[in-house]
Amino acid sequence: MRAAQYRGEHRITVDEVDATEPGPGQVQIAVAYTGICGTDLHVLHGSMDARVTTPQSIGHEMSGTIAAVGEGVTGIAVGDQVTVMPLDACGACPACLAGNGHVCQRLTFVGIDSPGSLQERWTVDASLVVPLPASLPLRHAALVEPLAVACHDVARGRVASGEHVVVVCGGPIGQLIALVARATGAHVLVVEPNAERRALAERLGADTLDPIGADVPAVVDERTGGAGADVVFEVAGVPATALSSPHLARVRGRVVMVAIHAQPVPIDLHRVFWRELELIGARVYERADFERAVDLLASGQVPADELITRVVPLDDTQAAFEALAAGDAMKILVDVQGARA
């Protein structure tokens with residue numbers, strides 16, 4: 001079979017490799033599409049070399065069909081459409097025992113710590129498989145994983161119908177958070193300096209604001225009658241937005257830290273104290289978030305085609321990574337084996 005493999009030194013090659021047959025409790029998936037995300041770019045740029053074995057296929061935003069099942073697998077049949085929740089928890093650490101396996105203290109993130117979905121046949125534990133309705137196009141289903149991130153973020157923020165939500169950054173995850181918050185019934189403002197991203201957010205139903213030269217807290221106050229936003233999502237991942245996000249929230253509002261800040265950054269704890277704000281961390285997702293994402297895509301509440309910039313063949317994987325790194329796309333899918341379902 002063919003696989004796109006990370007080789008280190010910013011290189012991905014497409015190679016002929018042996019497929020791994022499913023063992024007991026495992027399934028083999030014929031991967032249809034794999035999406036590329038910011039985490040994958042971190043891998044390509046060498047930031048996760050301590051975790052990634054080379055050569056190795058990476059990728060975890062995917063859709064496909066079951067090609068084979070191992071001994072003891074029930075409830076999953078060859079031909080079923082599926083995606084994968086790529087979190088392999090130990091089941092024994094304090095986090096797992098408390099019911100928080102998605103932030104397991106010894107978590108294996110499949111597609112980083114173990115091989116991922118940029119290969120024609122991908123073998124994983126059956127427990128990681130999430131069924132898809134046959135009516136959901138596999139192209140759209142490749143968005144389930146990033147949409148599950150947004151569902152988890154919105155759930156962590158406890159967004160309720162009628163609330164005012166500010167999303168700081170209109171990148172892929174910011175756009176998805178805005179969509180999920182709107183599906184929950186919230187009023188959404190996306191703060192984004194890039195005109196194309198603002199235009200996309202507006203097409204998807206959100207209000208937008210260019211922060212360059214704007215008094216963002218004043219605009220938020222005007223929208224909310226002077227109160228401030230009920231929930232603020234910090235998705236930009238830069239020190240300036242981490243510092244300013246608490247200034248957009250109402251008394252006892254919630255500030256959800258979505259972006260990964262690789263280094264410690266300043267935050268206005270006086271504002272947190274003064275307004276009794278909640279600072280909430282949000283990392284990955286739980287099974288319920290995946291199921292919610294599937295429902296949103298299957299019902300058409302998330303217009304997948306608006307978010308998919310283009311689809312490329314497996315041979316163009318390296319170029320797709322480079323285009324995404326250059327800011328030349330919202331979401332690029334790799335058509336792993338020509339499936340066009």
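For this chain, numbers begin at 1 and follow the sequence in order.
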Are [X] and [Y] close enough that some pair of their side-chain heavy atoms sits under 4.5 Å apart?
X	Y	value
E286	D289	yes
L200	E306	yes
P94	Q105	yes
V231	V256	yes
F233	V166	no
V167	V191	no
L87	Y285	yes

Distance, nearest 0.5 Å, that separates [atom1] of [X] from [atom2] of [Y]:
X	Y	atom1	atom2	answer
R121	S57	CZ	OG	13.5 Å
I177	L147	CD1	CG	10.5 Å
T83	L143	OG1	CG	10.0 Å
L307	L176	CG	CG	5.5 Å
L107	C93	CG	SG	9.0 Å
Q56	I112	CD	CD1	9.5 Å

What side-chain donor-acceptor pairs closer than 3.5 Å can you find for residues 42-49, not counting sequence neighbours?
residue	atom	partner	partner atom	Å
H45	ND1	L41	O	3.3
D49	OD1	Y6	OH	2.6

Taking [X] for its side chain and [Y] for its backbone only, find out whether a donor-acceptor pair lies under 3.5 Å.
X	Y	value
Q119	A3	no
E222	G225	no
D125	L128	no
N100	V103	no
Q318	H10	yes

Pairs of donor and acceptor atoms involving the side chains of residues 61-76, under 3.5 Å and at least two apart or interchain, shall be tabulated with distances.
residue	atom	partner	partner atom	Å
E61	OE1	K331	NZ	2.9
E61	OE2	K331	NZ	3.3
S63	OG	L138	O	2.6

At their closest point, which heavy atom of V336 faces which heavy atom of S117, and how far apart are they? CG2-O, 4.1 Å

List the steps and the verdict of side chain to side chain contact (heavy atoms under 4.5 Å, CB included) for L243 and V265. CA-CA 8 Å; L243 185 62; V265 298; over 6 Å; no

Does a side chain donor of either T13 or Q5 reach within less than 3.5 Å of an acceptor in the other side chain? no

Checking [X] now: which residues fulfil side chain to side chain donor-acceptor pair (under 3.5 Å) with it, not counting sequence neighbours?
X	answer
Q263	none
Q301	S299
T208	E202
E21	none

Listing request: all salt bridge (charged side-chain N to carboxylate O under 4.0 Å, His left out) pairs with a residue in residues 292-301, at least two apart in sequence or in separate chains. none

Name all pairs fulfilling the salt bridge (charged side-chain N to carboxylate O under 4.0 Å, His left out) condition that reach into residues 311-326, sequence neighbours left out, sorted by first residue then second. R2-D315

Should [X] and [Y] be counted in the same cluster of Ile, Leu, Val, Met, Phe, Trp and Tyr side chains packed under 4.5 Å apart?
X	Y	answer
V311	L136	yes
V258	V165	yes
V52	V284	yes
V220	V235	no
V159	L189	no

Ion pair [X]/[Y], N-O distance below 4.0 Å:
X	Y	answer
D305	R139	yes
R254	E278	no
R7	D15	yes
D230	R250	yes

Step by step, work out the side chain to side chain contact (heavy atoms under 4.5 Å, CB included) result for V144 and V130. CA-CA 10 Å; V144 168; V130 177; 5.7 Å; no

In terms of heavy-atom contacts, does CZ of R252 have more than 12 from other residues, nucleotides or ligands at under 6.0 Å? no

For [X], what are the other residues in its hydrophobic cluster, where any two members join if their side-chain heavy atoms are less than 4.5 angstrom apart?
X	result
V17	M1
V251	none
W274	F273

If you look only at distance, which donor and acceptor atoms sit under 3.5 Å apart when one is on a side chain in residues 179-186 and the other is two or more places apart or in another chain?
residue	atom	partner	partner atom	Å
R182	NE	G205	O	3.0
R182	NH1	L204	O	3.1
T184	OG1	V180	O	2.8

Are the ring centres of H60 and F109 closer than 6.0 Å? yes

